[in-house]
Amino acid sequence: MTTVSVEDLACASESVGDLIVQVRPEQWKAPTPCTEWNVRDVVSHLVGMDLVFAAMIEGGPMPERGADPLGDDPVGAYWSSSASLLAAFSRPGVLERSYRGPLGSATGAERLQIRLYDLLAHGWDLAQATKIPALLPEDLVEQSLAFVQVQFSAQSRTGRFAEPQPVEESAPAIDRFAAFLGRPVPPQS
């Protein structure tokens, strides 16, 4: 399996950020494929996870649970958390070291891959909710799909993802990825 790089994460972060910048004021409360979250909640999750992964990598304090990481500037909060995350993963030796998390230990490279697939999945969620085209990198989506297929063969989905949903084999990689993660994918027209 191909290993992703910090540059790959930066590319995906920028793609999702470019989508978030286009969210109109009335869309922040729109429902998403993550049925318990609206658009603002998904962006809050992305920012929160960026901060959690940066703290994990740097050995710093974890963000306060339940705190609103977006404040009055969701777009600014996203770009700031993304920059912090990329800076943490860019430090020498980070990808080779092992880090403990709620689901056990993983190398920095594996943590980067986990952060990448979460980012891409929620980028798809935001695109579905807002109808803003997401220009998510196809090669990274394919790589993330391969990663989660291997990862979920050994881990439980319970509490994290629904069972895979039907999707056309000819569907774009991002739709096949979303369906594997349990999101209902609209049929291609």
Side-chain angles (χ1 to χ4, degrees), residues 1-23 27 30-39 41-50 52-53 78-79 81-82 85-86 89-90 95 103 106-189:
M1 184 179 305
T2 309
T3 304
V4 294
S5 66
V6 176
E7 291 77 21
D8 294 331
L9 182 61
C11 179
S13 292
E14 187 171 330
S15 295
V16 173
D18 289 345
L19 188 158
I20 293 170
V21 165
Q22 297 177 63
V23 173
Q27 291 178 309
T32 70
C34 289
T35 55
E36 68 279 6
W37 289 344
N38 63 27
V39 169
D41 296 331
V42 170
V43 175
S44 180
H45 168 77
L46 291 175
V47 169
M49 287 295 94
D50 282 352
V52 164
F53 274 72
Y78 175 80
W79 289 122
S81 71
S82 179
L85 178 72
L86 294 170
F89 272 117
S90 294
L95 299 181
L103 299 175
T107 66
E110 290 165 326
R111 295 280 178 209
L112 188 143
Q113 180 65 63
I114 292 165
R115 187 68 205 108
L116 177 66
Y117 85 66
D118 183 69
L119 182 63
L120 293 171
H122 291 305
W124 183 88
D125 293 334
L126 292 171
Q128 297 302 303
T130 62
K131 305 299 182 231
I132 298 168
L135 304 174
L136 302 171
E138 186 87 4
D139 59 328
L140 297 180
V141 172
E142 289 281 7
Q143 203 278 341
S144 288
L145 176 57
F147 179 83
V148 296
Q149 286 171 330
V150 169
Q151 186 183 49
F152 290 173
S153 69
Q155 290 182 6
S156 170
R157 291 172 166 263
T158 306
R160 295 177 31 202
F161 297 100
E163 289 303 310
Q165 299 296 305
V167 66
E168 298 170 19
E169 284 185 37
S170 61
I174 190 64
D175 288 348
R176 291 183 282 115
F177 176 62
F180 183 79
L181 295 178
R183 276 110 165 128
V185 175
Q188 301 299 304
S189 47

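Positions are given from 1 along the sequence.
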One should read off an interatomic distance between Ser15 OG and Leu119 CG, to the nearest 0.5 angstrom, of 8.5 Å

One should read off an interatomic distance between Leu181 CG and Glu163 CD, to the nearest 0.5 angstrom, of 11.5 Å

Just wondering, do [Y] and [X] contact through their side chains at under 4.5 Å, heavy atoms?
X: Leu112; Y: Leu95; value: yes
X: Leu86; Y: Val6; value: yes
X: Pro33; Y: Trp124; value: yes

Check the orientation of Tyr117 and Phe152. Use parallel for under 30°, tilted for 30 to 60°, and perpendicular for over 60°. perpendicular

Do you know the tightest heavy-atom contact between [X] and [Y]?
X: Ser81; Y: Val47; result: OG-CA, 3.6 Å
X: Ala134; Y: Gly123; result: CB-O, 4.3 Å
X: Tyr78; Y: Gly17; result: CE2-CA, 3.4 Å
X: Leu19; Y: Pro133; result: CD1-O, 4.5 Å
X: Leu46; Y: Ile20; result: CD1-CD1, 4.4 Å
X: His122; Y: Cys34; result: CE1-SG, 3.6 Å

Can you name the one residue among Leu120, Leu140, Leu136 that meets side-chain contact (heavy atoms from CB on, under 4.5 Å) with Phe177?
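That would be Leu120; it is the only one of Leu120, Leu140, Leu136 passing the side-chain contact (heavy atoms from CB on, under 4.5 Å) with Phe177.
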
Residue pairs meeting salt bridge (charged side-chain N to carboxylate O under 4.0 Å, His left out), one or both in residues 111-122, sequence neighbours left out, come to Asp50-Arg115, Arg115-Asp118

Suppose we screen for salt bridge (Lys or Arg N to Asp or Glu O under 4.0 Å). Which residues come up paired with Asp125, at least two apart in sequence or across chains?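 Only Arg183 meet the salt bridge (Lys or Arg N to Asp or Glu O under 4.0 Å) criterion with Asp125.
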
Pair listing, side chain to side chain donor-acceptor pair (under 3.5 Å) test, anchored in residues 130-141, at least two apart: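 Not a single pair qualifies under side chain to side chain donor-acceptor pair (under 3.5 Å).
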
Item to complete: Determine, stepwise, if the pair Asp8 / Gln143 fulfils side-chain contact (heavy atoms from CB on, under 4.5 Å).
Response: CA-CA 11 Å; Asp8 294 331; Gln143 203 278 341; over 6 Å; no

Task: Glu110 and Gln151: side chain donor to acceptor below 3.5 Å - done: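 No.
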
Discussion item. I'd like to know if the side chain of Thr32 pairs up with that of Gln128 as donor and acceptor (distance under 3.5 Å, no hydrogens or angles considered).
Written reply: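 Thr32 vs Gln128: no donor-acceptor pair found between side chains.
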
For residues 126-146, the ring pair (Phe, Tyr, Trp, His ring centres under 6.0 Å) pairs (sequence neighbours left out) are none

Side chain to side chain contact (heavy atoms under 4.5 Å, CB included) against Val167, all qualifying residues, sequence neighbours excluded =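 For Val167 the side chain to side chain contact (heavy atoms under 4.5 Å, CB included) partners, ignoring immediate neighbours, are Ala171, Asp175, Arg176, Ala179, Val185.
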
All ring-ring contact (aromatic ring centres under 6.0 Å, His included) counterparts of Trp79, not counting sequence neighbours: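 Once residues adjacent in sequence are excluded, Trp79 has no partner under the ring-ring contact (aromatic ring centres under 6.0 Å, His included) criterion.
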
request  = Test side-chain contact (heavy atoms from CB on, under 4.5 Å) on Asp18 and Leu135 and set out the steps.
outcome  = CA-CA 9 Å; Asp18 289 345; Leu135 304 174; over 6 Å; no

